[in-house]
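What follows is one structure encoded as structure tokens, with my remarks underneath.
Numbers for residues simply follow the sequence, beginning at 1. What you see below is based on every heavy atom in this structure, not just the backbone, and it leaves out hydrogens, waters and symmetry mates. Note that the structure is a prediction, hence the values are computed from the model and not measured. Just so you know, ligand 1 is whichever comes first in the structure, and atom 1 is the first atom listed for that ligand.
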Amino acid sequence: MVERQLRNRGIQDPLVLEAMLAVPRHLFVAEALQNRAYGDCPLPIGERQTISQPYMVGYMTEALSLRGGEKVLEVGTGSGYQAAVLGRIAGKVYSVERIPELARQARRVLDRLGTTNINVKVTDGTFGWEEQAPFDGIMVTAGAPHIPEQLKQQLAPGGRLVVPVGDRLEQKVMRIVRRGVNEFSEEILLGCRFVPLIGQNGWKD
Ligand code: SAH
């Protein structure tokens, strides 16, 4: 998976490649799907949600430009796989999920792997995690109708926000960098298809 789907397609950051070599992706899907866990596609994780394609996980993680030790927020815990990858690189990961059963299952797997630097909370992540802000990196793993303003405001100076933005079916991965108190740069990186970000500042259920 790492050779063919990541390195061969241009993912270069050694921290990202090492993290994705280390995290056992099959543990984050149901037993019946484990033989497909390292395939080149997203997979269902229940509750009509999906674990992202490995390439998308690698691409978005690389886009956060982590060097190690950072404080990171993930919106959309889902299976917990992306959180585990972030946890291999960052110092602390705060991950929020709106569906309690998914958060519980993710917590079980993360505990089983012995991770100690990942916090999971059930909440509407379109508000971010105010008490823990600011973050050096924020990754949204669901498709947003627009760049969530609350998340921008929870970025540390120089912090990066990586978020799919578009309509309910298709989005573009965007990277927003906080350049100053009220100064942000925006880049469009890559087309993608995520499940919708549902919440107060996202799509309606
Ligand atoms: N990062 C996940 C993939 C998640 S799929 C993984 O590695 O498996 C997107 C997830 O975002 C779903 O679990 C969905 O329930 C969740 N989600 C959607 N809207 C949300 C919101 N407003 N706050 C928190 N989680 C949300």
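In this structure, Ala83 falls outside the shell of residues with a heavy atom less than 4.0 angstrom from ligand 1. No heavy atom of Glu47 sits closer than 4.0 Å to any atom of ligand 1. A heavy-atom separation below 4.0 Å is found between Thr123 and ligand 1.
For the pair Arg160 and Glu186, the salt-bridge criterion is not met [side-chain N within less than 4.0 Å of a carboxylate O]. Look at Asp40 and Arg9 and you find a salt bridge, because one of the NZ, NE, NH1 or NH2 atoms lies within 4.0 Å of a carboxylate O, short of that distance.
Atom 5 (S) of ligand 1 has its closest protein heavy atom at Thr50 O, 3.1 Å. Of all protein heavy atoms, the one lying nearest to atom 9 (C) of ligand 1 is Thr141 O, 3.3 Å. Nearest protein heavy-atom neighbour of atom 7 (O) of ligand 1: Gln82 N, 3.0 Å. For atom 12 (C) of ligand 1, the closest heavy atom belonging to the protein is Gln49 OE1, 3.2 Å. The shortest contact between atom 18 (C) of ligand 1 and any protein heavy atom is with Pro196 O, 3.6 Å. Looking only at heavy atoms of the protein, atom 8 (O) of ligand 1 is closest to Ser79 OG, 2.6 Å.
Smallest separation of non-hydrogen atoms from Thr126 and Gln200: OG1-N, 3.7 Å.
For the pair Arg25 and Tyr38, the cation-pi criterion (under 6.0 Å, within 45° of the ring axis) is not fulfilled. By the 6.0 Å and 45° rule, Lys121 does not stack over the aromatic ring of Tyr94.
Side-chain polar atoms of Glu149 and Gln153 form a donor-acceptor pair below 3.5 angstrom. One side chain, Gln82 or Thr61, offers a donor N or O that lies under 3.5 Å from an acceptor on the other. In this structure, a donor-acceptor pair under 3.5 Å is present between the side chains of Glu74 and Ser95.
Remark: Arg108 CZ is packed, more than 12 non-hydrogen atoms of other residues, nucleotides or ligands lying under 6.0 Å away.
Nearest to atom 10 (C) of ligand 1 by heavy atom, out of Gly199, Gly76, Gly46, is Gly76. Between atom 22 (N) of ligand 1 and the options Ile198, Val57, Asn201, the minimum heavy-atom separation is to Ile198. With Arg98, Arg48, Met139, Glu97 as candidates, the residue nearest to atom 15 (O) of ligand 1 on a non-hydrogen basis is Glu97.
Shown in contact with Leu102 at under 4.0 Å from a heavy atom are these atoms of ligand 1, numbered in order with element: 13 (O). In summary, the atoms of ligand 1 found under 4.0 Å from a heavy atom of Thr126, numbered by their order in the structure, are 22 (N). When each atom of ligand 1 is checked for a heavy atom of Val195 under 4.0 Å away, the hits are 5 (S), 9 (C). Within ligand 1, counting atoms from 1 as listed, the ones closer than 4.0 Å to a heavy atom of Ile99 are 15 (O). Within the listing of ligand 1, atoms 8 (O) sit less than 4.0 angstrom from a heavy atom of Ile51.
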Steps toward salt bridge (Lys or Arg N to Asp or Glu O under 4.0 Å) verdict (Asp136, Arg178): CA-CA 10 Å; Asp136 305 301; Arg178 187 166 211 165; over 6 Å; no
Working for side-chain contact (heavy atoms from CB on, under 4.5 Å), residues Met20 and Tyr81: CA-CA 10 Å; Met20 290 184 67; Tyr81 176 68; 3.6 Å; yes
Candidate pair Met56 and Cys192, rule side-chain contact (heavy atoms from CB on, under 4.5 Å), full reasoning: CA-CA 8 Å; Met56 195 50 72; Cys192 58; 3.6 Å; yes
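Between Asp124 and ligand 1, an N or O atom pair is found at a separation short of 3.5 Å. Taking only nitrogen or oxygen atoms, main chain and side chain alike, Gly125 reaches within less than 3.5 Å of ligand 1.
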